[in-house]
Amino acid sequence: MTMQLEIGTNRLSIHGVDAFDLANTLTCGQAFRWWRVGNAYHGVVKGTLLVAEWRDESLHVEDHSVTKLCPDDFVGLVFDYFGLSDDHAQRERSLCKRDRIVAEAIRYAPGIRILRQDPWECLISFIISARNYIPSIMSTIVRLCERFGERVSSDEYEELFGTRRYAFPSASALSDGSVESIESCGASYRAKYIYGMAQLVTTGGADLDLISKQPYEEARESLMSLYGVGPKIAECVLLYSMGRYEAFPIDTWISRVMRFLYLGNPRASVREMHEFARQRFEDLAGFAQQYLFHWARTAKRAYLRTLEQNSR
DNA sequence: ATCCAGGCCATAA
DNA sequence: TTATGGCCTGGA
């Protein structure tokens with residue numbers, strides 16, 4: 001199947017997108033800046049306010065920013081962010097062949113893509129995510145954006161939807177604030193990590209662009225050397241913003257899946273889980289993780305909880 | 001209400 | 001190298 005583009009004024013329709021589930025991709029826990037409005041999803045991507053909707057077997061995206069992108073940049077942004085040039089159906093087939101459990105997870109909810117997010121936003125967002133619920137994460141990020149970010153929504157958008165949207169704040173904008181001001185956005189004890197990171201990036205003490213070009217293991221170490229960043233956050237940044245699909249972030253849900261469904265060992269270490277994932281899923285580990293994560297939290301939630309209870 | 005969540009750091013063995 | 005406790009807050 002080949003894709004067809006229909007480009008209008010600040011709008012774009014893409015027909016024939018294979019293996020693509022917009023709703024699950026946006027709500028499966030990899031991004032925190034999408035809101036459902038009617039049948040559409042509104043989100044801010046790299047300073048551009050997008051309204052995306054899956055309708056009539058096609059993806060429709062509109063630019064509602066104050067300053068609209070030119071058609072080429074708009075198309076580029078959408079393709080890059082959603083990874084539309086990739087043969088995702090092929091990836092799904094490959095994963096299904098490699099593993100029965102992932103095959104079941106893919107059958108349950110196919111078409112989940114890995115978004116290509118902005119590294120800085122991704123890093124701060126996942127620092128906020130530590131020991132936090134998704135709704136809390138989202139509201140903290142909204143408050144950070146309102147306080148430190150720039151307005152992105154156009155007058156027409158604000159009139160139409162009755163709300164204003166803000167871009168994710170730059171490192172220098174956050175470093176102009178303070179630990180206290182970040183804390184009061186709901187960042188809690190993570191505020192010191194965020195403020196420190198903003199200062200470090202602003203002064204050039206950390207360079208995310210440079211890290212994104214390093215070999216996988218080196219990039220992982222570089223990220224983990226940053227105060228407040230452990231293995232989970234490092235791998236999330238690698239996977240969700242740097243296109244490193246061999247990354248395999250292990251949170252409590254993936255941990256349950258690995259311990260109870262794969263390894264049959266309630267006390268398996270994170271190291272063992274990573275080892276297993278690398279051997280089984282190789283270059284597609286990140287996609288396996290995303291399907292397993294969504295499946296575990298929805299279809300297998302109660303079951304995995306029971307297994308965990310019984311193992312105590 | 002009481003509990004604990006999509007981790008990390010520091011400390012201790 | 002692996003195991004604990006503390007961190008803060010708001011939803012269930």
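All chains are named by letter (A, B, ...) in the order of the sequence lines, taking the proteins before the strands, and each is independently numbered beginning at 1.
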Query raised in the report: Do A:Ser154 and A:His64 have side-chain N/O donor and acceptor atoms under 3.5 Å apart?
Result: no
Requested in this report: Grab the CG-C1' distance between A:Asp251 and B:dA5 for me, whole Å please.
Outcome: 11 Å
Query raised in the report: For atom P, what is the distance between B:dC3 and C:dG5, given to the nearest Å?
Result: 16 Å
Query raised in the report: Which whole-number value in Å describes the distance from A:Lys192 NZ to C:dT9 P?
Result: 12 Å
Could I get a table of every N or O pair under 3.5 Å where one atom is in the protein and the other is in nucleotides 9-13 of chain B?
unit_1 : atom_1 : unit_2   : atom_2 : d
B:dC9  : OP1    : A:Gly228 : N      : 2.8
B:dC9  : OP1    : A:Val229 : N      : 3.4

Query raised in the report: Reading DNA chain C 5' to 3', how would its secondary structure be written in dot-bracket notation, given Watson-Crick and G-U pairs with both distances under 3.5 Å, brackets [ ] for crossing pairs and | for partners on other strands?
Result: |||||||.||||
Requested in this report: Would you mind checking if A:Glu246 and A:Arg278 are paired as a salt bridge, meaning a charged N to carboxylate O distance below 4.0 Å?
Outcome: no
Query raised in the report: Please give, in whole Å, the distance from B:dG7 P to A:Phe293 CZ?
Result: 9 Å
**Report entry** Between C1' of B:dA5 and CZ of A:Phe126, the distance in whole Å
**Finding:** 15 Å
Result block: side-chain N/O donor-acceptor pairs under 3.5 angstrom for residues 44-56 of chain A, not counting sequence neighbours:
unit_1  : atom_1 : unit_2   : atom_2 : d
A:Lys46 : NZ     : A:Asp80  : OD2    : 3.2
A:Lys46 : NZ     : A:Arg116 : O      : 3.1

Requested in this report: May I ask you to check whether over 12 heavy atoms, not counting those of A:Arg11, lie within 6.0 Å of atom CZ?
Outcome: no
Query raised in the report: Among A:Trp34, A:Tyr157, A:Trp35, which one satisfies ring pair (Phe, Tyr, Trp, His ring centres under 6.0 Å) with A:His42?
Result: A:Tyr157
**Report entry** Validation row, ring centre A:Tyr108 to ring centre A:Tyr291 under 6.0 Å
**Finding:** no
Query raised in the report: Is a donor-acceptor pair below 3.5 Å formed from side chain A:Arg190 to base B:dG7, judging by atom type as modelled?
Result: no
**Report entry** Neighbour count >12 (heavy atoms, 6.0 Å) for atom CZ, A:Arg98
**Finding:** yes
Requested in this report: Using atom CE of A:Met258 as one end and atom P of B:dG6 as the other, report the distance to the nearest whole Å.
Outcome: 19 Å
Query raised in the report: Got a sec, which pairs hit salt bridge (Lys or Arg N to Asp or Glu O under 4.0 Å) with one end in residues 64-79 of chain A, sequence neighbours left out?
Result: none
Requested in this report: Tell me what A:Ile233 touches on the nucleic acid: a base, only sugar-phosphate, or nothing, going by heavy atoms under 4.0 Å.
Outcome: sugar-phosphate
Query raised in the report: Can you tell me how far P in C:dC8 sits from the matching atom in B:dT11, rounded to whole Å?
Result: 15 Å
Query raised in the report: More than 12 foreign heavy atoms under 6.0 Å from CD of A:Glu150: is that the case here?
Result: no
**Report entry** Closest approach of A:Met197 to A:Tyr227 (non-hydrogen atoms, all atoms of both residues)
**Finding:** CE-O, 3.5 Å
Report task. Write down the distance between CH2 (A:Trp253) and P (B:dC4), rounded to a whole number of angstrom. Result -> 14 Å
Query raised in the report: Between atom CE in A:Met197 and atom C1' in B:dC8, what is the gap in whole Å?
Result: 11 Å
Restricting to nitrogen or oxygen on both sides, can you table the protein-nucleotides 10-12 of chain C pairs closer than 3.5 Å?
unit_1 : atom_1 : unit_2   : atom_2 : d
C:dG10 : N2     : A:Tyr133 : OH     : 3.4

Requested in this report: Scan A:Cys28 against the nucleic acid and name what it touches under 4.0 Å (heavy atoms): base, sugar-phosphate only, or nothing.
Outcome: base
Query raised in the report: Within 45° of the ring axis of A:Tyr245 and under 6.0 Å from its six-membered ring centre, is that where the NZ or CZ of A:Arg91 lies?
Result: yes
Query raised in the report: Quick one: A:Ile127 CD1 to B:dG6 C1', roughly how many Å, whole number?
Result: 15 Å
Query - Pairs involving residues 183-203 of chain A, ordered by first then second residue, that meet salt bridge (Lys or Arg N to Asp or Glu O under 4.0 Å) (sequence neighbours left out) - result: none
